[in-house]
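Below is one structure; the comments refer to it alone.
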Amino acid sequence: MIRLAIQKSGRLSDDSLKLIRECGISFISASSKLKTEATNFPLEILFLRDDDIPGYVADGVADIGIVGQNVLVEEGLQELSVKALGFSKCRLSLAVSKGDTYTDVTSLQGKNIATSYPNLLQEFLTSKGVQADIHTISGSVEIAPSIGLADAVCDIVSSGSTLISNGLREVETVFKSEAVLIANKNLDAEKNRLLQQLLFRMEAVQKAQKSKYVVLNAPNSAIPQIKPLLPGIKSPTIIPLAEEGWSSLHSVVNEDDFWDIIQKLKEAGAEGILVVPIEKMIG
């Protein structure tokens with residue numbers, strides 16, 4: 001059995017559990033439970049504080065983990081990273097009070113900054129040639145300027161609504177983060193085999209999320225113009241229709257290019273375009 005550590009609550013926890021389920025792994029989770037076992041895969045899930053996960057994986061208490069990249073880098077354990085997972089994206093940002101004058105990062109020279117990420121912040125300030133006093137606090141960082149503890153804050157931002165509700169405005173991005181899969185460097189052969197199985201499933205899910213399955217009809221005379229627009233995994237599938245002179249083309253389109261390709265398909269003569277989500281995609 002392989003042990004996976006994830007955040008015990010919050011958006012990162014929800015997204016992590018969703019990914020595990022999409023990988024075809026069944027388990028029962030409850031807010032009061034600190035661990036659970038999968039029923040159809042040799043996996044035990046530990047629910048921990050996100051700040052503790054990198055250390056637990058490094059020490060072998062957990063074999064693998066899903067954690068924010070910001071936490072991993074702050075702890076100086078980047079070498080544990082196995083794969084970026086593409087969800088729970090956020091940024092570590094500097095923010096000042098709405099009424100404060102701010103031109104650029106040099107405006108923070110000699111100021112007091114409150115943060116839960118002193119290492120990331122110090123690295124950023126050093127790279128900009130700025131010296132400031134960093135006050136490390138845990139939780140409720142946004143309140144620091146209003147109680148006179150600091151002139152600015154450096155905290156995790158998703159939508160920015162928390163900053164706004166506390167009278168702050170975002171002024172600099174210090175670090176961009178997303179969820180990453182991490183693993184202990186000394187996994188035995190069997191646990192490494194299980195890790196590879198999990199990676200295989202995760203990659204199949206991720207590829208599917210980034211792709212759409214497209215089915216369209218087109219006159220055969222238009223196929224030479226349409227075919228280059230639909231590379232698919234290798235090339236589109238072309239099936240003759242009952243109506244002579246027409247064919248159905250099936251292919252996979254990348255989500256990022258979807259609307260641009262659809263427009264070009266229409267211009268090339270495609271009709272009856274059907275778009276279907278993909279659950280899994282094995283390369």
Side-chain angles (χ1 to χ4, degrees), residues 5-19 29 31-32 47-55 65-78 81 84-128 130 132-182 209:
I6 67 169
Q7 185 174 310
K8 61 183 178 181
S9 62
R11 185 166 65 95
L12 179 56
S13 177
D14 294 340
D15 290 343
S16 299
L17 294 175
K18 180 174 180 285
L19 174 61
S29 63
S31 58
S32 60
F47 298 96
L48 307 171
R49 289 182 65 255
D50 57 343
D51 293 350
D52 295 334
I53 293 174
I66 297 177
V67 68
Q69 191 177 18
N70 54 297
V71 174
L72 189 66
V73 176
E74 176 65 25
E75 297 296 323
L77 293 171
Q78 299 95 309
S81 182
L85 298 176
F87 59 78
S88 294
K89 292 186 177 182
C90 60
R91 58 195 179 276
L92 182 65
S93 294
L94 281 161
V96 299
S97 296
K98 287 181 180 179
D100 288 356
T101 301
Y102 185 91
T103 52
D104 55 34
V105 70
T106 59
S107 299
L108 298 175
Q109 179 71 29
K111 302 290 187 178
N112 295 320
I113 307 175
T115 186
S116 299
Y117 300 91
N119 295 327
L120 282 169
L121 175 57
Q122 184 62 68
E123 183 177 348
F124 174 79
L125 293 176
T126 300
S127 71
K128 300 296 183 179
V130 173
D133 293 324
I134 298 175
H135 295 266
T136 304
I137 60 177
S138 58
S140 302
V141 173
E142 299 88 353
I143 200 174
S146 65
I147 62 175
L149 179 63
D151 303 297
V153 301
C154 180
D155 201 17
I156 290 297
V157 178
S158 293
S159 65
S161 59
T162 302
L163 292 179
I164 293 172
S165 64
N166 283 278
L168 302 173
R169 60 188 177 98
E170 189 176 355
V171 292
E172 298 282 348
T173 298
V174 173
F175 185 82
K176 291 183 178 180
S177 179
E178 64 181 289
V180 292
L181 179 69
I182 62 176
Q209 291 172 340

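Keep in mind that this is a model prediction, so the values were computed, not measured.
Note: K98 NZ to N166 CG = 9.5 Å, rounded to the nearest 0.5 Å. Distance NZ/K128 to CG/L108: 12.0 Å, rounded to 0.5 Å. Interatomic distance, L48 CG to S9 OG, rounded to the nearest 0.5 Å: 11.5 Å. To the nearest 0.5 Å, atoms CD1 (I134) and SG (C154) are separated by 8.0 Å. Note that CG of L72 and CD1 of I66 are 13.0 Å apart. Values are rounded to the nearest 0.5 Å. Put simply, CG on L125 and CD1 on I113 are 5.0 Å apart, with the number rounded to the nearest 0.5 Å.
No more than 12 heavy atoms of other residues, nucleotides or ligands lie within 6.0 Å of CD in E123, so this atom counts as exposed by the packing criterion.
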Is there a side chain to side chain contact (heavy atoms under 4.5 Å, CB included) between I156 and Y117 once you walk through the steps? CA-CA 9 Å; I156 290 297; Y117 300 91; 3.6 Å; yes

Walk me through whether V105 and F124 qualify under side chain to side chain contact (heavy atoms under 4.5 Å, CB included). CA-CA 10 Å; V105 70; F124 174 79; 3.8 Å; yes

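Every residue two or more places apart in sequence or in another chain was checked for a side chain to side chain donor-acceptor pair (under 3.5 Å) with R169, and none qualifies. Not counting sequence neighbours, the partners of S88 by the side chain to side chain contact (heavy atoms under 4.5 Å, CB included) test are R11, L12, D15, A179.
A distance-only check finds no donor-acceptor pair linking the side chain of N112 to the backbone of D151 [under 3.5 Å]. Side-chain atoms of Q7 do not come within 3.5 Å of backbone N or O of D50 as any donor-acceptor pair. No donor-acceptor distance shorter than 3.5 angstrom exists from the side chain of S107 to the backbone of Y102, with no hydrogens or angles considered. Looking only at distances, no side-chain donor or acceptor of S177 sits under 3.5 Å from a matching main-chain atom of C90. With T136 contributing its side chain and S116 its backbone, the two residues share no donor-acceptor pair below 3.5 Å. Formation of a donor-acceptor pair under 3.5 Å by the S97 side chain with backbone atoms of G99 is not found in this model.
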Throw together a table of side-chain donor-acceptor distances under 3.5 angstrom for residues 138-146, partners on residues two or more places apart or in other chains.
residue, atom, partner, partner atom, Å
S146, OG, I143, O, 2.8

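Taking the side chain as every heavy atom from C-beta outward, F47 and L17 approach each other to under 4.5 Å. Under the 4.5 Å side-chain criterion, counting only non-hydrogen atoms from C-beta, I53 is not in contact with V71.
Heavy-atom minimum distance, I182 versus S81: CG2-CA, 4.0 Å. What you find for N70 and L120 is that their closest heavy atoms are O-CD1, 3.5 Å.
T126 and Q122 form a side-chain donor-acceptor contact under 3.5 Å, judged by distance and modelled atom types alone.
Taking the charged nitrogens against the carboxylate oxygens, R91 and E170 do have a contact shorter than 4.0 Å, which makes a salt bridge.
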